[in-house]
2 protein chains.
Amino acid sequence: MTQLSDSIEDSVISAILGGRLRPGTRLGEAKLAEVYGVSRTRVREAMMRLETRGIVHVSARRGWFVVEPSATEARAAFQARRVIETGMLRDLHTLPGDAVAHLRAHVEEEREALHSGHVGSRTCLLGDFHIHLAHAFGNAFLTDILRDLTARTTLVSMLYQSDQDAAASSDDHAGIVTLLADGDYAGAARLMDEHIRRVEDGLDLAAAPDPLAGLREILSPGAPA
Amino acid sequence: MTQLSDSIEDSVISAILGGRLRPGTRLGEAKLAEVYGVSRTRVREAMMRLETRGIVHVSARRGWFVVEPSATEARAAFQARRVIETGMLRDLHTLPGDAVAHLRAHVEEEREALHSGHVGSRTCLLGDFHIHLAHAFGNAFLTDILRDLTARTTLVSMLYQSDQDAAASSDDHAGIVTLLADGDYAGAARLMDEHIRRVEDGLDLAAAPDPLAGLREILSPGAPA
DNA sequence: CGCACCAATCTTGTATACAAGACTGTTGAG
DNA sequence: CTCAACAGTCTTGTATACAAGATTGGTGCG
């Protein structure tokens with residue numbers, strides 16, 4: 001509600017979307033309070049809101065942690081996105097006049113980020129596409145739900161070492177926009193279904209998430225070719 | 001998180017689902033604290049969680065209120081339910097063995113409540129059907145989302161004087177279960193779409209919500225035939 | 001008699017203090 | 001040298017105190 005709490009929440013969410021916050025990262029109340037220049041009370045409020053949104057969880061008297069979705073939760077998150085996003089497209093009759101142009105511009109941004117090689121903004125933009133699409137659909141509830149769900153699937157990708165091809169994703173996005181421009185909403189829904197399945201299939205959900213992944217990466221002297 | 005907070009949240013939600021809490025009702029922190037025998041801190045936590053779930057909202061220094069969805073929000077809530085519930089059914093391949101039996105039993109309960117004339121439990125059961133269906137689908141995220149969305153549409157129905165025929169709704173539910181039993185998931189999805197549209201169409205969304213509805217009802221000596 | 005202004009009361013907003021539990025590092029026995 | 005027990009430190013959990021604003025009821029002026 002309060003301006004500052006919102007900015008803590010948004011700040012955490014966007015750090016996740018941008019890949020700057022990894023699953024399992026500890027978020028100490030005192031530390032955050034200092035960073036944002038507020039008291040612990042406000043931080044706790046923001047954390048509790050994020051908890052009900054499924055972004056962080058609290059371990060009693062140990063601290064707040066960015067969630068680490070299990071394989072089951074990961075599958076459920078992708079399934080939820082598939083259900084909602086394809087359902088949205090199938091329900092579509094018309095799109096606001098400027099929506100296609102906006103989405104096209106977004107895909108163009110993805111392309112640029114892809115070429116420039118900024119991993120952070122690339123990840124962020126690939127997630128943002130879906131949020132923008134939801135926004136174009138014009139249902140605020142679904143947009144909010146998808147934002148949180150997208151944050152979760154981003155965490156899943158980090159956790160299960162997605163080898164997803166960012167270029168392929170961006171191609172899918174471009175394809176979806178083309179179909180939307182043609183008014184072929186059913187086709188867009190089908191492609192969206194395939195797209196999300198592709199991303200999910202790119203994950204190694206069989207591999208138990210390695211709680212030491214972060215440490216390993218830091219400690220490995222060079223990339224083990 | 002905490003047991004007690006959860007029970008405050010659940011208690012408010014179920015009061016809404018059962019029609020005991022009307023939209024616009026004020027929920028004072030002090031009052032709730034006394035009722036639940038906890039301190040204001042816990043009550044505030046629960047309220048803030050309910051706020052991020054879209055069930056209550058806070059008016060600065062005035063108190064917490066059960067949300068009163070605008071006509072736009074009402075439409076969005078129904079649309080969201082339609083998108084998600086039909087999307088779910090369309091995505092369905094198989095159903096757990098006992099799911100159909102459970103749903104059938106639930107519809108039977110609806111029937112009984114219908115005949116016995118308990119308005120509260122009737123409303124509650126009609127909403128619960130959709131939540132049970134989501135549960136059978138087996139996606140915890142979607143179940144949670146639909147629970148909150150159902151609470152919202154229940155509030156909408158109260159606010160916009162739904163003249164929905166409970167018997168017709170229950171018939172729709174029965175029809176959906178029959179189609180599910182036959183494995184005709186696409187047909188179930190179609191019927192669900194019609195069903196939710198029917199409920200939405202039963203609302204008088206054109207009529208501005210009357211902020212005095214509660215008062216009027218209380219003060220009217222008899223039903224103005 | 002009507003209306004504007006003001007004081008008293010009530011309610012939430014925020015910070016802070018203290019309690020309770022978890023973790024870490026040390027120390028001492030075997 | 002290894003391991004278990006323990007004390008110290010750190011972190012969250014919860015209550016409470018006080019500040020800030022909103023509402024209500026009263027009062028006096030026009």
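Below, read A as the first sequence line, B as the second, and so on, with proteins coming before strands; counting in each chain starts at 1.
- M48(A) places its CE atom 14 Å from the C1' atom of dG13(C), with the value rounded to the nearest Å.
- Atom CZ of R61(B) and atom C1' of dG21(D) are 5 Å apart (whole Å).
- Following rounding to the nearest Å, I8(A) (CD1) and dT14(C) (P) show an atom-to-atom distance of 11 Å.
- Counting only heavy atoms from C-beta on, R42(A) has its side chain closest to dA15(C) among dA19(C), dA15(C), dT12(C).
- For dT23(D), one of the phosphate oxygens OP1 or OP2 lies less than 4.0 angstrom from a side-chain nitrogen or oxygen of R62(B).
- Contact annotation: S39(B) reaches the phosphate of dA15(D) (side-chain N/O to OP1 or OP2, under 4.0 Å).
- The shortest distance between side-chain heavy atoms of F65(A) and T25(A) does not fall below 4.5 Å.
- To the nearest angstrom, P of dT11(C) lies 15 Å from CE of M47(B).
- Annotation for T153(A) and R81(A): closest pair OG1-NH1, 2.8 Å, computed over non-hydrogen atoms.
- In this structure, W64(A) atom CH2 and dC10(D) atom C1' are separated by 17 Å, rounded to whole Å.
- Of the candidates H106(A), H195(A), H132(A), H173(A) forms a ring pair (Phe, Tyr, Trp, His ring centres under 6.0 Å) with just one, namely H195(A).
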Next item on the list: Quick one: do E73(B) and R152(B) satisfy salt bridge (Lys or Arg N to Asp or Glu O under 4.0 Å)? Show the steps, please.
Entry: CA-CA 9 Å; E73(B) 289 168 332; R152(B) 271 199 276 229; over 6 Å; no
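- The CD-P distance, from E45(B) to dT16(D), rounds to 15 Å in whole Å.
- OP1 or OP2 of dT12(D) has not a single side-chain nitrogen or oxygen of R44(A) nearer than 4.0 Å.
- Whole-Å rounding puts the H57(B) NE2 to dG13(C) P distance at 12 Å.
- The residue among E29(B) and T41(A) whose nearest nucleotide of DNA chain C is located toward the 5' end is E29(B).
- Phosphate contact (OP1/OP2 of dC18(C), side-chain N/O of R40(A), threshold under 4.0 Å): absent.
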